[in-house]
Amino acid sequence: MSQNLTKLKYDVVIVGAGGAGLRAAVEAREAGLRVAIICKSLFGKAHTVMAEGGAAASMGNANSNDNWMVHFRDTMRGGKFLNHYRMAELHAKESPDRIWELEMWGALFDRTKEGKISQRNFGGHEYPRLAHVGDRTGLELIRTMQQKIVALQQKDGRETGDMEANLKVYAEFTVTDILKENGKVAGVYGYWRENGDEILFEAPAVVIATGGVGKAFKITSNSWEGTGDGHALALKAGANLKDMEFLQFHPTGMVWPPSVRGILVTESVRGEGGVLTNNLGERFMFKYIPDVFKDKYATTEEEADRWYTDQDNNRRPPELLPRDEVARAINSEVKAGRGTEHGGVFLDVSKRLSAEVIKKRLPSMWHQFYELAGVDITKEPMEVGPTCHYVMGGVDVEPDTAAAIGVPGLFAAGEVAGGMHGSNRLGGNSLSDLLVFGRRAGAAAADYAKANGANPVSDATIAKAADRIEAPFKNEGGENAYSLHAELQEVTHNLVGIIRTGDEIKEAIAKIADIRARSQKVSVAGNRQFNPGFHLAFDLDNMLLVAESTAKSAILREESRGGHTRDDFPGMSNTWRQVNHISSFNGSEVTVTPRALPAIPKELFDLFDIHELEKYMTPEEIAKGGSN
């Protein structure tokens, strides 16, 4: 057992300090419980800040025709009807309250002329729906949530004399294990990144809110923290992952210059009028409108341009198709030789908006690319292409409580949870997802902790967790974590990326297994103090589990849907829409099994035109008319 082990006791532990984690923490603390917030990086540096465009909520401020039913329909369409209907329903119904709540806590949203929260257009949304703060909405969300955390701490300080008595943030800390006793969650174990000293957090309820998996891929918009930690921790604790084949490659990440490669260009650029062109100067998106969307998107440039000033009488520009469609279209143009010399396409907003308007509506976009790359988006186009941005797959949870199925005491919210977005997430749905399900996870975790009480951790469990942290220093195999990580990124990028084939996925599965076997021999030199190789040894193990889950799910799904495109199965299959893929881990390998997708109940089924549903559902499902 570690000689520098600190033991702490809480009612609820939140792993992750992004929007979902902080919203869960607020809910659990307001329920009267002692809460610990653990973040891998600095407090406030969550990937939530990278969500620039806005938070989707059907408040109807920009168009009074918008409501939760329209938002629900758009979310289901965007996910190609593979979403868990209940999660999409809850999200659509509760998002407006979460945004208004955020405003009451101090969020400074942009305003309409009438003084209401301003809402902007985004891909896949029928009406302007994204509440925004310029193009810094995620940053404002985190700022507001941090302010709320501090307010709760100040309240505790006035009442107890100790601001951190009941709510404390542990920054720059890595969680290596979710601990269980008697089949139920008992706490988490990990170490301070600065010096390697270990801490045991005993708690009957744990909420995972760790975000995404992007660093398993070569080109990503994700920061260094996005190594699939929560996905892997849940798997190792006995939970399942759902639909890990679905990864969103955001269509517009910078591809040039190298200083900004992979950095996201917010969808707001297209929402404000930016157009995509190839090296011939063609607005190519008109060629890539799928049949299922042809009644909703303009087929001529003239109609598309009119839409920006008259949305009631014109259809949307195809640049605002769901992200998976735009990403595939860009990929096709580049493969056909019509891309830029650096392997992207052009995105230009300068021809539609003045420099003054661009700097007002897209201040971060203009500033960061001008400062970091010398690209002035008020005068010239950007070179963009798909970048790994978001994973739709995640922990298999119960929709109403965010409880991880199969592991009592474990909860998951935000990007780490699966089901809400189906096969493809609409832009803007992530920030409202964080708030809706972060709140639900925090409330359910609090209820569970109150009902179950403490679940003490045994010495044997502690010793096993401590040995795992020490293992990289004892290994004599000589494998290098950095080399293996680079190999893994090449495998995922080339073989399980935006376009896949059966043969390539099989090759990926074999290569991932080989890297996993070699990873057991990773050796770390030096000591625990300020040792990035030590940290990467654990990140690598997590990314390998994520990559294995993705590849083994992808080989089974013999269709193309949302964030999963198979060149050898290019069509979307109504039969495959009825299947979720469930990944589990037996301690040595991931296994994936199919499970039936829950049927949409009749009251939600009836919100759609029957002819639209015929594009996605089997004749038997249509005849049944939804579950009763």
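In this chain, numbering begins with 1 at the start of the sequence shown. Values below: all heavy atoms of this structure, side chains included; hydrogens, waters and symmetry mates excluded.
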Query raised in the report: How would you list, by chain and number, every residue that makes a salt bridge (Lys or Arg N to Asp or Glu O under 4.0 Å) with Lys287, sequence neighbours excluded?
Result: Glu333

**Report entry** Separation of Phe249 CZ from Ile499 CD1 (nearest 0.5 Å)
**Finding:** 9.5 Å

Report summary line: The side chain to side chain contact (heavy atoms under 4.5 Å, CB included) partners of Glu27 (sequence neighbours excluded) come to Arg23, Arg439, Ala443

Query raised in the report: Does the distance from a Lys or Arg side-chain N to an Asp or Glu carboxylate O, for Glu94 and Arg440, drop under 4.0 Å?
Result: yes

Query raised in the report: Is there side-chain contact between Gln248 and Val391, with at least one heavy-atom pair below 4.5 Å?
Result: no

Query raised in the report: Which heavy-atom pair separates Arg500 from Glu245 by the least distance, and what is that distance?
Result: NH1-O, 2.7 Å

**Report entry** Residue list, side-chain hydrogen bond (donor to acceptor under 3.5 Å, both in side chains) with Glu225, at least two apart or on another chain
**Finding:** Ser41, Lys45, Ser223

Query raised in the report: Can you pull the salt bridge (Lys or Arg N to Asp or Glu O under 4.0 Å) pairs that have at least one residue in residues 418-436, sequence neighbours excluded?
Result: none

**Report entry** Pair listing, salt bridge (Lys or Arg N to Asp or Glu O under 4.0 Å) test, anchored in residues 607-616, at least two apart
**Finding:** Arg77-Glu612

Query - SB check Asp324 Lys80 (cutoff 4.0 Å) - result: yes

Query raised in the report: Residues in side-chain hydrogen bond (donor to acceptor under 3.5 Å, both in side chains) with Glu398, at least two apart?
Result: Thr401

Report task. May I ask you to decide if the ring planes of Phe284 and Tyr288 are parallel, tilted or perpendicular, using 30° and 60° as cut-offs? Result -> perpendicular

Query - Counterpart residues, ring-ring contact (aromatic ring centres under 6.0 Å, His included), relative to Phe81 (two or more places apart) - result: Phe608, Tyr616

Report task. Give the intermediate values and the outcome of side chain to side chain donor-acceptor pair (under 3.5 Å) for residues Glu621 and Thr618. Result -> CA-CA 5 Å; Glu621 289 178 284; Thr618 64; 3.3 Å; yes

Requested in this report: Would you mind checking if Lys294 and Asp291 are paired as a salt bridge, meaning a charged N to carboxylate O distance below 4.0 Å?
Outcome: yes

Query raised in the report: Out of curiosity, His250 NE2 to Thr387 OG1, how far, rounded to the nearest 0.5 Å?
Result: 9.0 Å

Requested in this report: With rounding to the nearest 0.5 Å, note down the distance linking NE2 in His564 to NE2 in His581.
Outcome: 8.5 Å

Requested in this report: Kindly write out the residues that satisfy side-chain hydrogen bond (donor to acceptor under 3.5 Å, both in side chains) with Thr75, not counting sequence neighbours, or none if the list is empty.
Outcome: Asn429

Requested in this report: Tell me, please, which residues at least two apart from Asn586 pass side-chain hydrogen bond (donor to acceptor under 3.5 Å, both in side chains).
Outcome: Ser588

Report summary line: Taking every heavy atom of Ser95 against every heavy atom of Ser432, the minimum-distance pair comes out as OG-CB, 3.4 Å

**Report entry** Any side-chain donor near an acceptor of the partner, Arg129 and Ser58, under 3.5 Å
**Finding:** no

Query - Any donor-acceptor N or O pair under 3.5 Å, side chains Ser268, Arg120 - result: yes

Query raised in the report: What residues form a side chain to side chain contact (heavy atoms under 4.5 Å, CB included) with Leu434, not counting sequence neighbours?
Result: Ala20, Thr48, Leu431

**Report entry** Heavy-atom side-chain contact between Asn63 and Glu126 under 4.5 Å
**Finding:** no

Query raised in the report: Charged N to carboxylate O below 4.0 Å: is that the case for Lys552 and Glu548?
Result: yes

Query raised in the report: Taking only residues two or more places apart in sequence, or in another chain, which ones meet Arg283 in a side chain to side chain contact (heavy atoms under 4.5 Å, CB included)?
Result: Val275, Thr277, Phe286, Glu301, Ala304, Asp305, Pro317, Glu319, Arg352

Query - Pair His389, Ser221: side-chain N/O donor-acceptor within cut-off below 3.5 Å - result: yes

**Report entry** Contacts of Asn240 that satisfy side chain to side chain contact (heavy atoms under 4.5 Å, CB included) - sequence neighbours left out
**Finding:** Asp396, Ile582, Ser584

**Report entry** Distance-only donor-acceptor check, side chains Asp503 and Thr501, under 3.5 Å
**Finding:** no

Requested in this report: Using distance alone, with no hydrogens and no angle criterion, decide if Asn542 and Lys236 have a side-chain donor and acceptor under 3.5 Å apart.
Outcome: yes

